[in-house]
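Remember, predicted model here, so these are calculated numbers, not experimental data.
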Protein chains: 2
Amino acid sequence: MADLPRVTIHDVAIVAGVAVSSVSRVFSNHPSVSPSMRLRVEAAVKKIGYQPDLVAQSLRTGTTRTVGLMVRDFSNFFYGEMTKAMVSSMSEAGYNLLIMNSPGDAEGDSKMIEMFAQKRVDALFLATASDKSEVIRKSINAFKNPVVLLDRDFSHLVAGRVFADHATGLQSATKDLIALGHRNIALVTGTAGIRPTRERCKGFNDAFKESKIKNGVAAPITGIPSTSNARAKTKELMNLPKSKRPTAMITGGVDVTIGVLECLSEMELTPGQDLSLVAGDDLPWLRVLRPRISTVSRDYQLFGLTAADLMLSLLSGEKPKTITLPTRYEARDTSRPV
Amino acid sequence: MADLPRVTIHDVAIVAGVAVSSVSRVFSNHPSVSPSMRLRVEAAVKKIGYQPDLVAQSLRTGTTRTVGLMVRDFSNFFYGEMTKAMVSSMSEAGYNLLIMNSPGDAEGDSKMIEMFAQKRVDALFLATASDKSEVIRKSINAFKNPVVLLDRDFSHLVAGRVFADHATGLQSATKDLIALGHRNIALVTGTAGIRPTRERCKGFNDAFKESKIKNGVAAPITGIPSTSNARAKTKELMNLPKSKRPTAMITGGVDVTIGVLECLSEMELTPGQDLSLVAGDDLPWLRVLRPRISTVSRDYQLFGLTAADLMLSLLSGEKPKTITLPTRYEARDTSRPV
DNA sequence: TTGAAAGCGTTACCAC
DNA sequence: GTGGTAACGCTTTCAA
């Protein structure tokens, strides 16, 4: 436990018999350093095992080579895949990721962002709990380094944005179900406070408008944040009198999908038979389920990769832009005629 | 983009008309600071919107209140749940998590650990690619702050350890299958370079030894790291002539489970009917699968929580210890007589 | 209780 | 090309 004193650039200077500034130059590949100097310094470094202190470097240079990442739920498969891709890309470029859980409320998110600022991160990846909150918007605005929003759409905010085109996928799915004769379709999804939900609702509603059917029941059910919530809501829907019960369901988000499936399986209802079902997000294990569930899918890792690329471009001084990634509706065994 | 100069403790001192040291004392709740001083400083802080610079603090105090976390795969459900729990617990205690992907090889892991050291993290959570590598052992040893190993068991290393008792769960599962008449059971799992695999093999082999059956084929198949590998290996096994084909399979790890299920479903083989199957790790969606797959389950979030608690105890100066968390075999529809 | 000043380990400017 | 030195923003003695 004896805290042996740290080996500093000073020690290297002494051992090599040169000035600290020269040692520093060697490390930063400064143009004007003689070969002999480089050799002496490198020998000394090897001899005493010096490693630069990144904290001191940060204080001096004002850059930490650390980027903050805040999401709501790391155990969510989408965020897991995304994080994995981001960590790889960013670390290749010499950046580390500092992670925080979004507390789930605006005040909390705001505090987190300020925390990141105090840690002096060079940039921020953000999937905030809401993208309509003025408090959050303010703290993002106060943060003077690059920001990339992950499927969040604050207005009047200079930031990079990566979007998934949920609307188009959802619209295709809904149109297909309508074409199959469904009139009462339930879209069960998360809070309207964030973009993905709003986009899903939009695609859903647009499909109904477009097809001009009468008696269509297109009431998106939002505010279902968790697996257990989704399970309960599904039960409620399935227990409705037959005339009011939806003949098809569309889920929004991975948690909701699991909850809906859990409920159906509890109630011994078979999707594709007792009702039609479209999962609003793809999951690897959906492939082993029988019947095969229709999905609106997209590439999660690509999302992370794209966000990282965008971030690196911002970090190198380019202008923020918005990139929208496609989603694709895949009809499988559970898109059936009424 | 005009980088307005940072508001420092110095500015506060000037505005409040006091010394910087006094401002510092107010912030660190030093006992000897008069109420009037506190008021003046707080007013000044509010007036100019000062927020302490954590990097400068770190350099001065030698502590970053940042803990490193290295795992192989954030998209793995287990690590996701674990990470989530850790981030919560640690951040409650005022610590942030800096994350890195394990490159998957010893040299890479070693470099990452040195990187963490340069970033001066206060401690390290580690799920290394191997726990038999001397290179990795050395870099962990060179790291002078607390370390908690996540289901990794380096010998001769002072570190906290959190283990899952895979052996017991696997042993129960294997015994059950043997009792059901299975003699040729395939355990398909990851690399033997890490503890979970070794423990699973141990439990598996112990069950065979203990039951003293003759002609038992107990050859664990290790070195299957990914979903696609598992799928290929399963295909190979299922295509074996009937006399050599296993009548039961046990998977080790979440990726393997998915791969095996994918293959079975491709080959139109039904677990519980065409062969018995035990998933060596639980997953939330296993509950919606029919037939219901037998599993060896454990509490993932508890794992993260326990690791965080252990870490905090180390951080407060307590001695490292090893905590082993239970696993539980749950026979469901896919543990069937031969 | 308060203030002055040293120093944490770097980098970058300025002489030489 | 190299060396000295002043910061970076903070905490922590040490005096007063």
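For Glu134(A), the CD atom is densely surrounded, since the number of other residues' heavy atoms within 6.0 Å is greater than 12. Heavy atoms of other residues, nucleotides or ligands lying less than 6.0 angstrom from NE2 of His10(B) number 12 at most.
Here Tyr50(B) lies in heavy-atom contact (under 4.0 Å) with sugar-phosphate atoms only. Residue Val55(A) is classed as having no contact, given no heavy-atom separation below 4.0 Å to the nucleic acid.
Rounded to whole Å, the distance from NE2 on His30(A) to P on dG3(D) is 13 Å. One interatomic measurement links the two molecules: CE of Met37(B) to P of dT1(C), which rounds to 11 Å at whole-angstrom precision. Put simply, CG on Leu39(B) is 12 Å from P on dT2(C), counting in whole angstrom units. Rounded to whole angstrom, the span from the CZ atom of Arg60(A) across to the P atom of dG7(C) amounts to 19 Å. Protein atom CZ of Arg6(A) is 12 Å distant from nucleotide atom P of dC8(C), rounded to whole Å. dG1(D) atom C1' lies 13 Å from atom CZ of Arg40(A), rounded to whole Å. Rounded to whole Å, the distance from NE2 on His10(A) to C1' on dT11(C) is 14 Å. In this structure, the CZ atom of Arg25(B) is 8 Å from the P atom of dG3(C), given to the nearest Å.
Comparing dT5(D), dC10(D), dG9(C) by their closest approach to the side chain of Asp53(B) singles out dC10(D). In the set dT11(C), dT2(D), dG9(C), the nucleotide with an atom closest to the side chain of Arg120(B) is dG9(C). Closest contact between the side chain of Ser32(A) and the listed nucleotides dT2(D), dT11(D), dG4(D) involves dT2(D). When distances are taken from the side chain of Ser22(A) to each of dT11(C), dT2(D), dG9(D), the shortest belongs to dT2(D). Which of dT10(C), dT2(D), dT1(C) sits closest to the side chain of Ile9(A) comes down to dT10(C).
With hydrogens and angles left out, the side chain of Ser21(A) and the base of dG4(D) share a donor-acceptor pair within 3.5 Å.
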Between Tyr95(B) and Leu312(B), is a side chain to side chain contact (heavy atoms under 4.5 Å, CB included) present by the stated rule, with each step listed? CA-CA 10 Å; Tyr95(B) 287 92; Leu312(B) 292 173; 4.0 Å; yes
Residue pair Thr66(A), Lys119(A): steps toward the side chain to side chain contact (heavy atoms under 4.5 Å, CB included) verdict: CA-CA 9 Å; Thr66(A) 299; Lys119(A) 283 256 180 180; over 6 Å; no
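Between Gln57(B) and dG9(D), a side-chain N or O to OP1/OP2 separation shorter than 4.0 Å is absent. Applying the 4.0 Å criterion to OP1 and OP2 of dC8(C), one finds that Thr61(B) has every side-chain N and O outside that range.
Minimum interatomic distance between Asp153(B) and Arg161(B) (heavy atoms only, all atoms of both residues): OD1-NE, 3.1 Å.
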